[in-house]
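Computed from a predicted structure; not experimentally measured.
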Amino acid sequence: MEANTSNLNNYRYVNYDQSSERMKLLNETMKLLNNTQVNDHIYVRVCASAVAFLILAFFNIIINCTILRQERLRKHARFVLVFHLLLSALIYFAVCWGFYLQIYLELRPKASTCAALITILTTSASNILITLTVMAVDRYWAICFPMRYSNLCARQWTWLLGLLTWGLACIIPLSLFPWTDKKDSNGLCGREQLKKGELHKILLISICSLIILCSYARILFEGRRLGVLNWRNKIGCRTIAWHGVQLAVYILPNFLNFLLHILRKYDHIHQDAKDLFAVVNFAFFSIAQCIAPIIYGLRKEEILEQLNQDSWCSPCFLKNVVEWTVRLTQPRHHSHSRERRLTSQTLLSLEPPRSPA
């Protein structure tokens with residue numbers, strides 16, 4: 001009887017040990033799968049930010065150099081704002097590329113380096129949104145109050161607008177992210193630092209989105225009142241449509257990330273599903289935001305005319321690339337150049353050219 005009891009106890013111990021080993025093996029396998037999945041997501045972010053940075057670097061060289069070289073473009077507020085918009089996007093994706101690359105390589109930067117990366121990322125992202133808001137308000141004043149806008153443009157205030165947007169963009173990172181506690185428990189500079197201040201970010205995005213919507217609504221109303229924005233004016237309708245699409249690809253990803261955060265907080269979706277949606281959201285909208293130089297830069301007739309006259313752009317492949325990208329969003333540009341010029345003159349309440357009697 002005692003022998004049977006001893007054998008039974010040994011059998012239980014053996015089964016318990018085997019179960020423990022199976023559980024440990026299963027846990028290690030799950031951790032390995034999770035780490036592999038996280039690395040894949042980070043790798044996608046690295047590739048998407050790298051592609052966006054390279055595309056924006058190309059257009060920054062073309063458009064921003066053209067703006068800086070021409071005095072008449074440097075003195076106009078809308079071109080200065082385009083300069084700051086492209087510069088902010090370039091800085092954002094450059095730092096974003098380095099930030100996700102150091103996560104993928106599992107580097108351990110210093111606390112000051114991590115804080116600088118987080119601060120620059122948040123500041124440049126905020127400045128993109130604030131610059132878009134100022135651009136919408138600038139167009140609102142130019143179209144609805146042309147005389148006042150002309151008096152303001154006579155003063156040297158255009159570059160102060162860019163400095164003002166950068167100053168406002170610094171408020172969020174400097175107030176929400178203290179320069180201490182920039183590392184997680186493992187000493188890695190990870191994505192957890194970017195998730196702070198969700199409510200403040202959404203509040204800023206909501207305010208800027210409301211201002212942009214109100215400004216464009218007033219522009220549409222004024223254009224219809226003047227009779228220049230109708231279904232027959234395909235150029236004006238296409239321009240407004242492209243601007244709306246570009247604003248959407250800048251604003252929507254922030255609301256989608258906040259929605260995923262809320263759904264995960266109340267356990268409506270699993271963490272793996274949230275991470276997958278988040279990385280797809282980042283990759284898609286990062287590439288979509290690369291259209292901004294075409295929408296706000298190359299579609300402007302003044303920049304295109306200057307690019308055709310520049311000697312440094314004509315003999316190389318840059319001119320062909322620029323013309324190809326413009327044709328994608330603006331077909332038959334030369335045949336409609338006069339229509340665009342007359343539309344802009346009417347919107348700005350300028351006297352259109354008179355034809356001889």
Does Lys75 reach the side chain of Glu71, with side-chain heavy atoms less than 4.5 Å apart? yes
Rounding to 0.5 Å, atoms OH (Tyr140) and CD1 (Ile211) come to a distance of 12.0 Å
Anything under 30° is parallel, anything over 60° is perpendicular, the rest tilted; go ahead and classify His76 against Phe79. perpendicular
Tyr43-Leu54 co-clustered via ILVMFWY side chain contacts under 4.5 Å: yes
Would you say that Met135 contacts Val82 through its side chain, given a criterion of any heavy-atom pair below 4.5 Å between the two side chains? yes
Might you confirm whether atom CZ of Phe277 has over 12 heavy atoms from other residues, nucleotides or ligands at distances under 6.0 Å? no
Show the atom names and distances, to 0.1 Å, of all donor-acceptor pairs under 3.5 Å that link a side chain in residues 253-264 to residues at least two apart or in another chain.
unit_1 : atom_1 : unit_2 : atom_2 : d
Asn254 : ND2    : Tyr250 : O      : 2.9
Asn257 : OD1    : Asn281 : ND2    : 3.0
Asn257 : ND2    : Pro253 : O      : 3.2
Arg264 : NE     : Gln271 : OE1    : 2.8
Arg264 : NH1    : Asp267 : OD1    : 3.0

Under a 3.5 Å distance rule, please check whether Thr113 uses its side chain to pair with a backbone N or O of Pro109 as donor and acceptor. no
What I'd like to find out is whether the side chain of Val80 reaches to under 4.5 Å of the side chain of Ile67, using heavy atoms alone. no
Please report the interatomic distance CZ(Arg218) to SG(Cys144), rounded to the nearest 0.5 Å. 5.5 Å
Do you know the tightest heavy-atom contact between Asp138 and Ala77? OD1-CB, 3.6 Å
Can you list the steps and then say if Leu56 with Gln289 is a side-chain contact (heavy atoms from CB on, under 4.5 Å)? CA-CA 9 Å; Leu56 286 171; Gln289 289 172 11; over 6 Å; no
Supply the atom-to-atom distance Ile171 CD1 to Thr122 OG1, rounded to the nearest 0.5 angstrom. 13.5 Å
Quick one: are Arg74 and Phe83 in side-chain contact, heavy atoms under 4.5 Å? no
Pairwise distance CG(Leu247) to SG(Cys208) - rounded to 0.5 angstrom: 11.5 Å
Assigning hydrophobic clusters by single linkage (Ile, Leu, Val, Met, Phe, Trp, Tyr; side-chain heavy-atom cutoff under 4.5 Å), is Leu213 placed with Phe221? no
Determine whether more than 12 heavy atoms belonging to other residues, nucleotides or ligands lie under 6.0 Å from atom CZ of Phe145. yes
Those residues at least two apart in sequence (or on a different chain) that pass side-chain hydrogen bond (donor to acceptor under 3.5 Å, both in side chains) with Ser286 are none
If every non-hydrogen atom of Ser215 is compared with every non-hydrogen atom of Ala136, which pair is closest and at what distance? CB-O, 3.7 Å
Output a table of donor-acceptor pairs, distance under 3.5 Å, between side-chain atoms of residues 91-106 and any protein atom two or more places apart or on a different chain; print 'none' if there are none.
unit_1 : atom_1 : unit_2 : atom_2 : d
Tyr100 : OH     : Arg45  : NH1    : 3.3
Gln102 : NE2    : Phe99  : O      : 3.0
Gln102 : NE2    : Cys189 : O      : 2.7

Going by distance alone, is a donor N or O of one side chain under 3.5 Å from an acceptor N or O of the other, for Tyr296 and His243? no
Nearest 0.5 Å please: distance from the CG atom of Leu132 over to the OG1 atom of Thr165. 10.5 Å
Kindly work out whether a path of hydrophobic side-chain contacts (I/L/V/M/F/W/Y, heavy atoms less than 4.5 Å apart) joins Leu107 to Val46. yes
Ile291-Ile287 co-clustered via ILVMFWY side chain contacts under 4.5 Å: yes
Minimal heavy-atom distance between Ile55 and Cys290, with the atoms involved, is CG2-CB, 3.8 Å
Decide side-chain contact (heavy atoms from CB on, under 4.5 Å) for Ile251 and Leu129; before the verdict, give the C-alpha distance in whole Å, the side-chain angles of both, and the deciding distance to 0.1 Å. CA-CA 8 Å; Ile251 295 174; Leu129 186 60; 4.1 Å; yes
In the single-linkage hydrophobic clustering (I, L, V, M, F, W, Y; side-chain heavy atoms under 4.5 Å), do Val245 and Ile295 co-cluster? no
Which distance, rounded to the nearest 0.5 Å, do you find between the CG of Leu210 and the CD1 of Ile205? 13.5 Å
Residues Ala169 and Asn127: closest non-hydrogen pair is CB-N, 3.5 Å
Side chains of Arg139 and Arg78: closer than 4.5 Å at any heavy-atom pair? yes
Just one of Leu81, Thr131, Asn64, Ile128 clears the side-chain contact (heavy atoms from CB on, under 4.5 Å) bar with Leu86, so which one? Asn64
